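Have a look at the structure below before the remarks.
Each chain gets a letter, A, B and so on, in the order its sequence line appears, and its residues count up from 1. Remember, it's a predicted structure, so these values are computed and weren't measured experimentally.
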Amino acid sequence: MSTPTDAQPVSAAAVAQISVEREREQDRQRASTNGTSGKSGDIEATHNGTGSTLMTGAEILVRALDAEGVEFVFGHPGGAVINIYDEMARVKPRFEHVLVRHEQGGTHAAEGYAKATGKVGTVLVTSGPGATNCVTGIADAFMDSVPIVVFTGQVPTPLIGNDAFQECDTIGVTRSITKHSFLVMDVADLAKTVRKAYHIARTGRPGPVVVDLPKDVLQARAEFEYPSTVGLPGYVVPTKAKSDAIGTAVAMINDASRPLLYVGGGAINGNASAKVTELARTARIPVTTTLHGLGAFPETDPLSLGMLGMHGTWYANQAVQNADLIVALGARFDDRVTGKLDAWAPHARIIHVDIDPSCISKNVPADLGIVGDVGQVLDQLLPHITPLDTAEWLESIESWKEECPLSFDRDGALRPQHVLQRLREKTAGDAVVVTDVGQNQMWAAQYFQYAHPRSHITSGGLGTMGFSLPAAVGAGFGMRETGRPVISINGDGGFLMNAQELGVAAAHGLPLKVVIMNNSYLGMVRQWQELLHDNRYSHTDLTATNPDFVKLAEAFNCVGLRATSPDEVDDVIEAAWRVTDRPVVMEFRVITEEMVFPMVPAGAATDDMITQRFSNPGDV
Amino acid sequence: MTEITRQATAQQLFRKTTAGEPLHDGDAAHEHTHVITVVVENSLGAFNRVSNLFSARGFNLHSVAVGVTEDPALSRMTIVTSGNDRIIGQVVNQLKKLIDTRDVVDLTDLPYVERELCLVNVRYSKETRAELMDVIEIFRGKVVNITPDSMTVELTGPTKKVNAFVALMAPMGIVDIARSGCIAMHRELVYE
């Protein structure tokens, strides 16, 4: 069963149950009016109350999605799923179908929606290329624990394995990048499978689920009943910790003189931000977050150290290297966090709370592993927490903050950090920031000062360039009712990888604020080439292949704006915020040479962090 | 700070020991063979997920044997793998995480019985036949097929016994060999 959370006091199962009831009521109404869509009479007759209640698989799927409470389906039609699209036109479901322009964009949109709202994202694509185009998005959701369900069309069952047109072994291809997958061979299993898919995607450590739907199964008929129970005997969702583990954890925390909270995406998935904040403030423990943990603890709080790891703050990494206790909450000790494992946090005992048992002691053996939902474990822990005497420890941290703060030159050149600070000012941090991958991502992580959970969305584990724009489209749909601004941060490289989704945002009037930090290079690769490969900028110059981004925006019926100097930044931002009926693309012509600092080179020890450029590019 | 990286701290030593990793460069790795049984839903998709896990995560897979249980919906897989304590912990946790798996047990430190079935087709001549029959007798093997110059022997036993038998057959000239992989079960010790 899904667990009640801060944001959603009603369990998903209850929602599904309510939806099923609502659905049945609608069916009764439909039966009494004898159909309204006026399409093919014999199909309508199947559920007009007089004959059999058999439905096609396609209709079952559409109704099951409604019963599941799905709000948006990001999809692209094709031969194998044409029956589903036909039913959507006929049944007029409550969910809204969003026609994306590439299946990868659809998958990222579902991720963006899921991460912004905490609900499950839904994707619908056809067989073969439709499915393979989703692979990157599925892998991305798998690495970053994003709940999405991807429905893929499949060739009719008698043709499976015969190299039929648009056939692909979707289950085989996605096996190692899904939390689970289903090939539905019998229409009678379809509704049950949908129920299971959403349950698996949503609960425990969330993740992508693929449901492969052969065309003949969509055409076959069965009774429709959306099950209220799931029936997965091999699937256990961890919730609370064992009570002796809580006792040990409290003792370890009380025993520590230099404790540190290391907070990851699990704290956001578990809706535990308020509890993390309470733990930190009550016990006076400083907090560092991972890339996915940004927003779980307000970065404006003096206890915040910002992000740790490769491009984290120097002082967060200093705290890690000097801590005598690290409490990891829903984080997975990724190599971008730890650098050289042997040299990471050499003095710290480790308490690791995670909902996924396989995460505990995977990279760094934990002194105490607690399997459970971060929110529920903190509920158990908080009553036993008393203020610690960390004054001396916090003083050292303050001195590190003063010694090496995040900084950049203000010499009149246009730098991305300045743009991000101005965006932070403009929104007061109340926005959903969706970043791409590379330098833009790291600057956005360092300079936006996230204060709320679900205000930062990024592709962390897989590092998928082209993620930001489509994910922002998904987040834009999720935030449409709230009016919360959605800002998409891009580099010029990643932006073009899924730029087609601008058309989708424009068509739906989503007021996305799309930022392109255009340095005419694949900036992060360029940075490595400069620092580690003797300035050989092999194939990272994008000048010749970049379009005119302002014209590109206008061609997609968006507003295009450009700033080339720091003085123009505020004007561009103000102009962008005046537009409320369509996306605005803001191109900032930032300098090419800017690098992300501080930096732990890949595989190096955290102690060997580079805090500034060690060679002036003018000298080389 | 550089001192720390040169000289291992107590925590660093603890982590290495817990993971079963060598404490110093050049020390031997602490790798052990483990026998793990997995009760899994009886479908090709489920077997695929289990075996795929080993290649996708780079775990060693020495043998895998599958057969249906008393419940036709469930199969039991016996997996022989190896690694240090950290890796074996990962193998077990990752197997448990699969939605098709019902029960995962690492038998290695429990009392258990293991068996493997082996068929070996081995050459013989008048001169070697008597010696060959002796060895087969010692191993309680059974001749299941014979031609004028080769015979097929059926043998069951723990993997180590099968290994020993195969090693003794090698000088005779093995024509063909088929092994089932290890199957294993927890040994209940009621009267101890």
Side-chain angles (χ1 to χ4, degrees), chain A residues 169 171-172 174-183 185 196-197 199-200 204-205 207 209 212 232-236 238 317-318 321-326 340-350 354-367 369 371 604-609, chain B residues 1-25 38-41 43-59 71 73-74 84-104:
Chain A
D169 172 16
I171 297 296
T174 59
R175 186 174 296 125
S176 53
I177 51 168
T178 47
K179 185 172 173 189
H180 197 59
S181 53
F182 297 95
L183 171 61
M185 293 294 277
K196 286 178 187 173
H199 179 73
I200 292 169
R205 180 177 178 184
V209 177
D212 206 19
L232 283 166
Y235 181 60
V236 184
N317 285 329
Q318 281 298 103
Q321 294 306 84
N322 287 281
D324 67 352
L325 175 74
I326 289 179
K340 189 168 183 281
L341 269 177
D342 287 353
W344 192 74
H347 305 290
R349 297 214 283 166
I350 287 167
D354 206 289
I355 201 159
D356 177 358
S358 71
C359 267
I360 292 171
S361 299
K362 180 175 70 181
N363 296 332
V364 179
D367 295 71
V371 178
T606 303
D607 285 324
D608 298 330
M609 195 163 203
Chain B
M1 297 309 288
T2 43
E3 270 309 296
I4 290 161
T5 48
R6 259 185 243 138
Q7 195 140 26
T9 65
Q11 270 309 110
Q12 286 172 323
L13 291 174
F14 159 78
R15 287 179 202 155
K16 292 263 186 198
T17 315
T18 311
E21 282 164 4
L23 293 184
H24 308 286
D25 291 345
V38 185
V39 176
V40 60
E41 284 183 24
S43 72
L44 195 56
F47 305 155
N48 277 340
R49 272 193 199 95
V50 171
S51 57
N52 185 72
L53 181 70
F54 282 79
S55 62
R57 298 212 173 250
F59 300 143
D71 178 350
L74 299 176
N84 64 30
D85 293 348
R86 185 181 66 82
I87 289 166
I88 296 299
Q90 272 292 299
V91 170
V92 171
N93 277 326
Q94 293 289 354
L95 284 170
K96 283 183 178 169
K97 203 161 104 174
L98 293 176
I99 282 147
D100 297 324
T101 55
R102 298 284 177 88
D103 194 24
V104 180

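Distance check, rounded to the nearest 0.5 Å: CG of A:D324 to CD of B:Q11 gives 9.5 Å. The distance from the OH atom of A:Y235 to the NZ atom of B:K97 is 10.5 Å, given to the nearest 0.5 Å. The distance from atom CZ of A:R175 to atom OG of B:S55, rounded to the nearest 0.5 Å, is 9.0 Å. Of the inter-residue distances, the one linking A:K179 atom NZ with B:I99 atom CD1 reads 5.5 Å to the nearest 0.5 angstrom. Between atom CD1 of residue A:I350 and atom CZ of residue B:R15 there is a gap of 4.0 Å, rounded to the nearest 0.5 Å.
For A:A345, the parts sitting under 4.5 Å from any heavy atom of chain B are the backbone and the side chain alike. The contact between B:L98 and chain A is made entirely by backbone atoms, counting heavy-atom distances below 4.5 Å. Interface residue A:I200: only side-chain heavy atoms are found under 4.5 Å from chain B. When heavy atoms are compared at a cutoff of 4.5 Å, B:N48 approaches chain A by way of both its backbone and its side chain. Contacts of A:D367 with chain B are made by both backbone and side-chain atoms, with heavy-atom separations under 4.5 Å. Interface residue A:S176: backbone and side-chain heavy atoms are both found under 4.5 Å from chain B. Only the side chain of B:Q90 comes within less than 4.5 Å of a heavy atom in chain A; its backbone stays farther off. Neither the backbone nor the side chain of A:V236 comes within contact range of chain B, judged by heavy atoms closer than 4.5 Å.
Between A:S361 and B:R86, the shortest heavy-atom contact is O-CG, 3.6 Å. Contact between A:P357 and B:N93 at its shortest, heavy atoms only, is O-ND2, 3.5 Å.
When each of B:R57, B:Q94, B:E21, B:R49 is scored by its heavy-atom pairs under 4.5 Å with chain A, the top score falls to B:R49. Counting heavy-atom pairs closer than 4.5 Å to chain B, the top-ranked of the candidates A:I171, A:L341, A:D342 is A:D342. Among A:L232, A:L183, A:D356, the residue with the largest count of heavy-atom pairs under 4.5 Å with chain B is A:D356.
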